[in-house]
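One structure is given here, and the rest of the page talks about it.
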Amino acid sequence: MAELPALQALMKSVNFYGRFAPSFTRVGYIARGLPFRPVRADYGGQTWLITGATGGLGKAATLKAVAKGATVHAVGRNLKALDALVAETAAMPGTVLPVVCDLSSMAAVSALTRRPEIGAVQYDVLVNNVGLLMREFEATAEGFETSYATNLLGHYILTEQLQAQGGLKPGAAIINVVSGGLYNVPLNKSMLNIQQEKFNGFAAYASHKRAQMALAEHWREAFAGKRIKTYAVHPGWADTAGVKTSLPKFRKVLAPILRNDAEGADTIDWLAATRPDEVVDQIWFDRRPRTAHAYAKTRETRTTVADIVAYLERDRAKVLG
């Protein structure tokens, strides 16, 4: 009987990968013809802010934006990696402006919007990209579980403060980068800032990504008067550095068909270029809105968008007053 839970977990994994791999990997990207329909845009004169810009999807989105003429405030904590990004884009039409910030520190994120080089700008595009899937519990100096602070609370503080100080241009786009992991959980508060004794990094990450969708809905209504559009985008399964460190078994099995970073960032680029009408309770994936509920059970929740906002606002007040 002890083998039963292990067998059930194996079957669940097989069913999950069997269902989504044909769509989420490079197989789906090619089958939809996206390699043959490049995003054509001119971002000259636009200013972007991208979090987690030194690697993975954030770097790929930065390269796409700068190649089409944008000035990108690239936010990361590794100065050496930021300098390397500046050098890599030196010959491109646009410009990378490196911004050093520890995105797990809410004090640092809050202070970011008050820096002269940030506070003087109105952004055309904000990409809330940085994300962590933690295998082990780790707390920040401010007392938050690290992935919660980085994946969700920091993006909430950054976006709210930029908007409050006029840092988002009328007609701007906010793009929240989510993940297929959210398909496994309903909207909830209990797994956002999980404490050590109950920590489950996969449940936390999935819950953060589901909550990012809720924030997209919140900002869609809250910022509608300024014609700001907000999107939640699923990049598919890309072979990012985060996947290599956090999901080694997943990568070992699927590495031959995982998307590269540029393919994962394709819809971020497309959304910034086209600014389609917003959708409710759907995710943008491979340039189309698609269901946010692969399983009916994730629709069953008592947690509302307002509950998520109140939860984040409470935690913001704890550290910032």
Determine yes or no for a side-chain-to-main-chain donor-acceptor pair under 3.5 angstrom, with R299 supplying the side chain and P186 the backbone. no
Please check if the side chain of Q161 supplies one atom and the backbone of S110 the other of a donor-acceptor pair under 3.5 Å. yes
Take M213 and N176 through the test side-chain contact (heavy atoms from CB on, under 4.5 Å) and record every step on the way to the result. CA-CA 8 Å; M213 277 201 65; N176 288 351; over 6 Å; no
In plain terms, say whether E278 and R220 are close enough for a salt bridge, that is, a side-chain N and a carboxylate O under 4.0 Å apart. yes
Could you give the side-chain donor-acceptor pairs of residues 253-271 under 3.5 Å, partners two or more places apart or in another chain?
residue: R259; atom: NE; partner: F24; partner atom: O; Å: 2.8
residue: R259; atom: NE; partner: T25; partner atom: O; Å: 3.1
residue: R259; atom: NH1; partner: D286; partner atom: OD1; Å: 2.7
residue: R259; atom: NH2; partner: S23; partner atom: O; Å: 3.0
residue: R259; atom: NH2; partner: T25; partner atom: O; Å: 3.3
residue: R259; atom: NH2; partner: D286; partner atom: OD2; Å: 2.8
residue: N260; atom: OD1; partner: A262; partner atom: N; Å: 3.1
residue: N260; atom: OD1; partner: E263; partner atom: N; Å: 2.8
residue: E263; atom: OE1; partner: R26; partner atom: NE; Å: 3.0
residue: E263; atom: OE1; partner: R26; partner atom: NH2; Å: 3.4
residue: E263; atom: OE1; partner: N260; partner atom: N; Å: 3.0
residue: E263; atom: OE2; partner: R26; partner atom: NE; Å: 3.3
residue: D266; atom: OD1; partner: R287; partner atom: NH2; Å: 2.9
residue: D266; atom: OD2; partner: R287; partner atom: NE; Å: 2.9
residue: D266; atom: OD2; partner: R287; partner atom: NH2; Å: 3.4
residue: T267; atom: OG1; partner: D286; partner atom: N; Å: 3.2
residue: T267; atom: OG1; partner: R287; partner atom: N; Å: 3.2
residue: D269; atom: OD1; partner: Y43; partner atom: OH; Å: 2.7
residue: D269; atom: OD1; partner: K68; partner atom: NZ; Å: 3.3
residue: D269; atom: OD2; partner: K68; partner atom: NZ; Å: 2.4

Backbone of S105 reached by a side-chain donor or acceptor of E142 within 3.5 Å: no
Indicate whether the side chain of K198 and that of Q195 have a donor and an acceptor atom separated by less than 3.5 Å. no
Does atom CZ of R77 have more than 12 heavy-atom neighbours, drawn from other residues, nucleotides or ligands, at distances under 6.0 Å? no
Look only at the side chain of T304 and the backbone of D307, and say whether a donor-acceptor pair between them is shorter than 3.5 Å. yes
Over 60° means perpendicular and under 30° means parallel, so tell me whether H234 and F285 are parallel, tilted or perpendicular. parallel
Which of L187, I283, T298 passes side-chain contact (heavy atoms from CB on, under 4.5 Å) with L182? It is I283
Would one find more than 12 heavy atoms of other residues, nucleotides or ligands at under 6.0 Å from atom CZ of R314? yes
For W219 and E221, test the side chains for any donor-to-acceptor distance below 3.5 angstrom and give the result as yes or no. no
Is there a side-chain contact between F199 and E145 in this structure, where contact means two heavy atoms from C-beta onward sitting under 4.5 Å apart? yes
State, yes or no, whether a side-chain contact exists between T150 and V130 at a heavy-atom distance under 4.5 Å. yes
Within the 3.5 Å criterion, strictly below it, is a donor on N128 or T159 matched to an acceptor on the partner's side chain? yes
Count I, L, V, M, F, W, Y as connected when their side-chain heavy atoms are under 4.5 Å apart, and connections chain through other members. Are W237 and L57 then in the same cluster? no
Checking E313 against Y156: is there a side-chain donor and acceptor pair closer than 3.5 Å? yes
Quick check: do Q212 and H155 have side-chain heavy atoms less than 4.5 Å from each other? yes
With a 4.5 Å limit on heavy-atom distance, are the side chains of L215 and E160 in contact? no
Same apolar cluster: Y123 and L103, side chain cutoff 4.5 Å: yes
Judged by modelled atom types alone, do Q282 and T291 share a side-chain donor-acceptor pair under 3.5 Å? no
Answer yes if L133 and V233 sit in the same cluster of Ile, Leu, Val, Met, Phe, Trp and Tyr residues linked by side chain heavy atoms under 4.5 Å apart, and no otherwise. no
Point-to-point distance, once rounded to the nearest 0.5 Å, from CG of L312 to NE2 of H218: 9.0 Å
Between R275 and V125, does a side-chain contact (heavy atoms from CB on, under 4.5 Å) hold up when you go through it step by step? CA-CA 10 Å; R275 311 290 174 91; V125 179; 3.5 Å; yes
So L168 and L126, side-chain contact (heavy atoms from CB on, under 4.5 Å) or not? Walk me through it. CA-CA 8 Å; L168 297 175; L126 168 63; 4.3 Å; yes
Quick one: does any side-chain atom of T71 pair with a main-chain N or O of T47 as donor and acceptor, under 3.5 Å? no
Would you check if Y205 and S147 make a side-chain contact, meaning some heavy-atom pair closer than 4.5 Å? no
Counting distance only, does the side-chain N/O of H208 pair as donor-acceptor with the main-chain N or O of L192 below 3.5 Å? yes
Does CZ in R288 sit with more than 12 non-hydrogen atoms of other residues, nucleotides or ligands closer than 6.0 Å? no
Counting only N and O atoms by type, is there a donor-acceptor contact under 3.5 Å from the side chain of Q165 to the main-chain atoms of T113? yes
4.5 Å side-chain heavy-atom contact, N184 and F202: no
Show every donor-acceptor pair shorter than 3.5 Å between a side-chain atom in residues 82-94 and any protein atom, with sequence neighbours excluded, or say none if there are none.
residue: E88; atom: OE1; partner: K59; partner atom: NZ; Å: 3.0
residue: T89; atom: OG1; partner: L85; partner atom: O; Å: 2.9
residue: T89; atom: OG1; partner: V86; partner atom: O; Å: 3.2

Any chain of hydrophobic side-chain contacts (each under 4.5 Å) joining I308 to Y148? yes
Are V121 and I228 co-members of a hydrophobic cluster defined by side-chain heavy atoms under 4.5 Å apart? yes
Less than 4.5 Å apart, any side-chain heavy atom of R40 and any of P38? yes
Does T51 use its side chain to pair, donor to acceptor, with the backbone of N129 at less than 3.5 Å? yes
Are any of the side-chain heavy atoms of L49 and L158 separated by less than 4.5 Å? yes
